[in-house]
**Q** 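What follows is a single structure, and I will ask about it in a moment.
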Amino acid sequence: MKHALILGASGDIGKATAKQLAASGWSLYLHYYHNQTAIQKMIKEFSQKYPKQDFLGVHLDMRDTTSLSQLYTSIFELDALIFAQGTTNYQLLTDTSSEDLQNLWMMQVGVPIEMIKKFQAKLAQSKNGRIIFVGSVYGAVGSAMEVGYSTIKGAQTAFANAYAKEVGSLGITVNVVAPGAVNTQMNRVFSDTEHEQVSENIPLGRFATPDEIAYWLVQLTQKQAGYLTGQTIYVDGGWLK
Ligand SMILES: NC(=O)c1ccc[n+]([C@@H]2O[C@H](COP(=O)([O-])OP(=O)(O)OC[C@H]3O[C@@H](n4cnc5c(N)ncnc54)[C@H](OP(=O)(O)O)[C@@H]3O)[C@@H](O)[C@H]2O)c1
C-alpha cells in the first residue's frame, strides 16, 4: 500500500487532495497546524470508508524547524510528499517585517527542504517516489502586494528544477502544481466585488475549486506520471500564464 504525507491537509486544497488520494487506495499522514478538527473529521470518515488503509494526523508549525524531529519519528513508510500548506501577506514590501518574510520562507521553502533531505532515502525505496509542491502562478509572473509570497513561490519552482536533476536516478520526481485563483479560505479576505473583478480577468470566468487543483496533484502521484519531473504545471484557467 502506498503512503503519502500531505502537509496542509487541513487546508482546502489539502483536504480535497486527501479525499481523492484516500479514494484511490492511499494511506495518509494528514498534517495540520491549527485545524485539528478538520483532520479528526477526515480520519473518522476515511477510516469508515476505507478500513484497510491507515490514516494518522500529524501536527507541526512549519515556521521553524523545532518540532521536525518529532515528525520524523511518526513517519514510517513514504511514497509521496505533498506540500499543500502555505499562507500569504497582503502588504507592500516596505511594510513587511523581516519576521513575516522569514516565516513565509520557512513555511513554504526552508522547512520543506529540511524534510525532503530527511525523507529522500524513504522516497527512494520504491524507485517511484513523488515530491509535489502547491506553488502559485505568482511564482512565475509576480504580484504587487505579495512580493514575499511571489518570491517564495518562485523559489519552489527553482528548487524543483534543480532537485529533480539530483534525484532522477533514484526514481524520485519533483514537480510543482501552480494554481491561479482558487476558492479557499486563503481568498476569504476578498469582498464579493473584488472576487468578481478577479473572475472577470480569468478567461474561464471563475476561481478554481480545490478539487480541480487536487486533480493534478493526484495525477502526479500515479505510476504513469513517472516520466514528468522538474516541471511547474500552471492551473490558472488561462489567467496569467
Ligand atoms: N487559494 C488560492 O487562490 C491559491 C492560489 C495559488 C496557490 N495557493 C497555494 O495553495 C496552498 C494551499 O492553500 P489553500 O488555498 O488551500 O489555503 P488554506 O485553506 O488557507 O490552507 C492553508 C494551509 O496551511 C496551513 N498552515 C498555516 N499556517 C501554518 C504553519 N505555521 N505551519 C504549518 N502549516 C500552516 C493551514 O493549517 P491549519 O488550517 O491547520 O492551521 C492549512 O492547512 C498554499 O501553498 C497556497 O499558497 C493557493
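As the structure lists them, so they are numbered: ligands from 1, and atoms in each ligand from 1.
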**Q** Quick one, D54 and L28 - any side-chain contact, counting heavy atoms below 4.5 Å?
**A**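 Answer no - side chains too far apart.
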
**Q** Is there a donor-acceptor pair under 3.5 Å between the side chain of Q53 and the backbone N or O of W26?
**A**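 Checking the backbone N and O of W26 against the side chain of Q53, a donor-acceptor pair under 3.5 Å is found.
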
**Q** Which protein non-hydrogen atom lies closest to atom 8 (N) of ligand 1, naming both residue and atom, and how far is it?
**A**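 Its nearest protein heavy-atom neighbour is Y149 OH, 3.6 Å.
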
**Q** With under 30° as parallel and over 60° as perpendicular, where do the rings of Y163 and F159 fit, or are they tilted in between?
**A**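 Y163 and F159: parallel rings.
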
**Q** Do D211 and T209 get their side chains close enough for a donor-acceptor pair, meaning under 3.5 Å?
**A**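 No, no side-chain donor-acceptor pair sits under 3.5 Å.
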
**Q** Looking only at protein heavy atoms, which one is nearest to atom 29 (C) of ligand 1, and what is the separation?
**A**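 I find the closest protein heavy atom is Y33 CD2, 3.4 Å.
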
**Q** Are any of the side-chain heavy atoms of M186 and T88 separated by less than 4.5 Å?
**A**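 The answer is yes; the side chains approach within 4.5 Å.
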
**Q** With heavy atoms under 4.0 Å as the rule, classify the contact between N183 and ligand 1 as side chain, backbone, both or neither.
**A**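 Answer for N183: neither.
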
**Q** Nearest protein heavy atom to atom 1 (N) of ligand 1, by residue and atom, and its distance?
**A**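 Protein heavy atom with the smallest distance to atom 1 (N) of ligand 1: T184 OG1, 2.8 Å.
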
**Q** Distance only, no hydrogens: is a donor on one side chain within 3.5 Å (strictly under) of an acceptor on the other, for E146 and N89?
**A**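 The answer is no; no qualifying pair exists.
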
**Q** Out of H34, M62, Q36, whose heavy atom is nearest to atom 32 (N) of ligand 1?
**A**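 The nearest heavy atom belongs to M62.
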
**Q** Checking a contact table here: which protein heavy atom is nearest atom 27 (C) of ligand 1, and how many Å away?
**A**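 Looking only at protein heavy atoms, the one closest to atom 27 (C) of ligand 1 is T87 CG2, 3.7 Å.
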
**Q** Considering non-hydrogen atoms of the protein only, which is the closest contact for atom 22 (C) of ligand 1, and what is the distance?
**A**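 Here the closest protein heavy atom is G86 O, 3.5 Å.
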
**Q** Is L30 reachable from Y50 through a run of hydrophobic residues whose side-chain heavy atoms are each under 4.5 Å from the next?
**A**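 Y50 clusters together with L30.
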
**Q** Using modelled atom types and a 3.5 Å cut-off, is there a donor and acceptor pairing between side-chain atoms of H59 and backbone atoms of H31?
**A**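 No; zero donor-acceptor contacts below 3.5 Å.
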
**Q** Are there more than 12 heavy atoms of other residues, nucleotides or ligands under 6.0 Å from atom CD of Q40?
**A**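 Counting neighbours around CD of Q40, more than 12 heavy atoms of other residues, nucleotides or ligands fall under 6.0 Å, so yes.
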
**Q** Salt bridge check, K49 against E45: does any charged N sit closer than 4.0 Å to a carboxylate O?
**A**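 Looking at K49 together with E45, the answer is yes, because their closest N to O distance falls below 4.0 Å.
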
**Q** List the closest protein heavy-atom neighbour of atom 45 (O) of ligand 1: residue, atom name, distance to the nearest 0.1 Å.
**A**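 Protein heavy atom with the smallest distance to atom 45 (O) of ligand 1: Q85 O, 2.8 Å.
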
**Q** List ligand 1 atoms under 4.0 Å from Y32, heavy atoms only on the residue side.
**A**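 Every atom of ligand 1 under 4.0 Å from some heavy atom of Y32: 40 (O).
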
**Q** With atoms numbered from 1 as shown, which atoms in ligand 1 lie under 4.0 angstrom from a non-hydrogen atom of L60?
**A**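 Under 4.0 Å from L60, ligand 1 has these atoms: 32 (N), 33 (C).
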
**Q** Between E146, Q185, H59, which one has a non-hydrogen atom sitting closest to atom 20 (O) of ligand 1?
**A**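 It is Q185 that holds the nearest heavy atom.
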
**Q** Which ligand 1 atoms does G8 reach within 4.0 Å, using its non-hydrogen atoms?
**A**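 Answer, ordered by atom number: 43 (O).
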
**Q** Please work out whether the ring planes of Y138 and W239 are parallel, tilted or perpendicular, with thresholds of 30° and 60°.
**A**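 Judged by the thresholds at 30° and 60°, the geometry between Y138 and W239 is tilted.
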
**Q** For H31, is the nearest heavy atom under 4.0 Å from an atom of ligand 1?
**A**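 In this structure, H31 qualifies as a contact of ligand 1 - some heavy atom is under 4.0 Å.
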
**Q** Quick check on contacts: which atoms of ligand 1 are under 4.0 angstrom from a heavy atom of Q108?
**A**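 Answer, ordered by atom number: 45 (O), 47 (O).
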
**Q** Which atoms from ligand 1 have a heavy atom of V134 less than 4.0 Å away?
**A**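 In order of number, 9 (C), 10 (O), 11 (C), 45 (O).
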
**Q** Measure the distance from atom 5 (C) of ligand 1 to every protein heavy atom, then report the residue, atom name and distance (to 0.1 Å) of the closest one.
**A**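 Of the protein heavy atoms, G180 O, 2.9 Å lies nearest.
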
**Q** Out of A9, G139, S10, who is nearest to atom 40 (O) of ligand 1 when you count heavy atoms only?
**A**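 That would be S10.
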
**Q** State whether the shortest distance between N or O atoms of K153 and N or O atoms of ligand 1 falls below 3.5 angstrom.
**A**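 Yes; at least one N/O pair falls below 3.5 Å.
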
**Q** With distance as the sole test, does K153 use its side chain to make a donor-acceptor pair with the main-chain N or O of V134 at under 3.5 Å?
**A**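 Yes, K153 side chain to V134 backbone: donor-acceptor pair under 3.5 Å.
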
**Q** Among all protein heavy atoms, pick out the one at the shortest distance from atom 48 (C) of ligand 1; state its residue, atom name and that distance to 0.1 Å.
**A**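 Going atom by atom, the protein heavy atom closest to atom 48 (C) of ligand 1 ends up being M186 SD, 3.6 Å.
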
**Q** Within a distance under 4.0 Å of any heavy atom of M107, pick out the atoms of ligand 1 and give their elements.
**A**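 Heavy-atom distances to M107 below 4.0 Å select 28 (N), 29 (C), 30 (C), 31 (N).
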
**Q** Which of the atoms of ligand 1 are close to P179, meaning less than 4.0 Å from one of its heavy atoms?
**A**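 Answer for ligand 1: 6 (C), 7 (C).
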
**Q** Pick, from G11, G135, P210, A181, the option with the minimum heavy-atom distance to atom 18 (P) of ligand 1.
**A**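 When every heavy atom of G11, G135, P210, A181 is considered, G11 comes closest to atom 18 (P) of ligand 1.
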
**Q** Do S143 and S150 have side-chain atoms, one donor and one acceptor, less than 3.5 Å apart?
**A**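 Their side chains do not contain a donor-acceptor pair, so the 3.5 Å distance test is not met.
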
**Q** Compute the ring centroids of Y29 and F55, then answer whether they are less than 6.0 Å apart.
**A**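 For Y29 and F55, the ring centres are not under 6.0 Å apart.
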
**Q** Heavy-atom contacts with I13 under 4.0 Å: which atoms of ligand 1 show up? List them by number with element.
**A**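 Going through ligand 1 atom by atom, the ones under 4.0 Å from I13 are 10 (O), 15 (O), 16 (O).
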
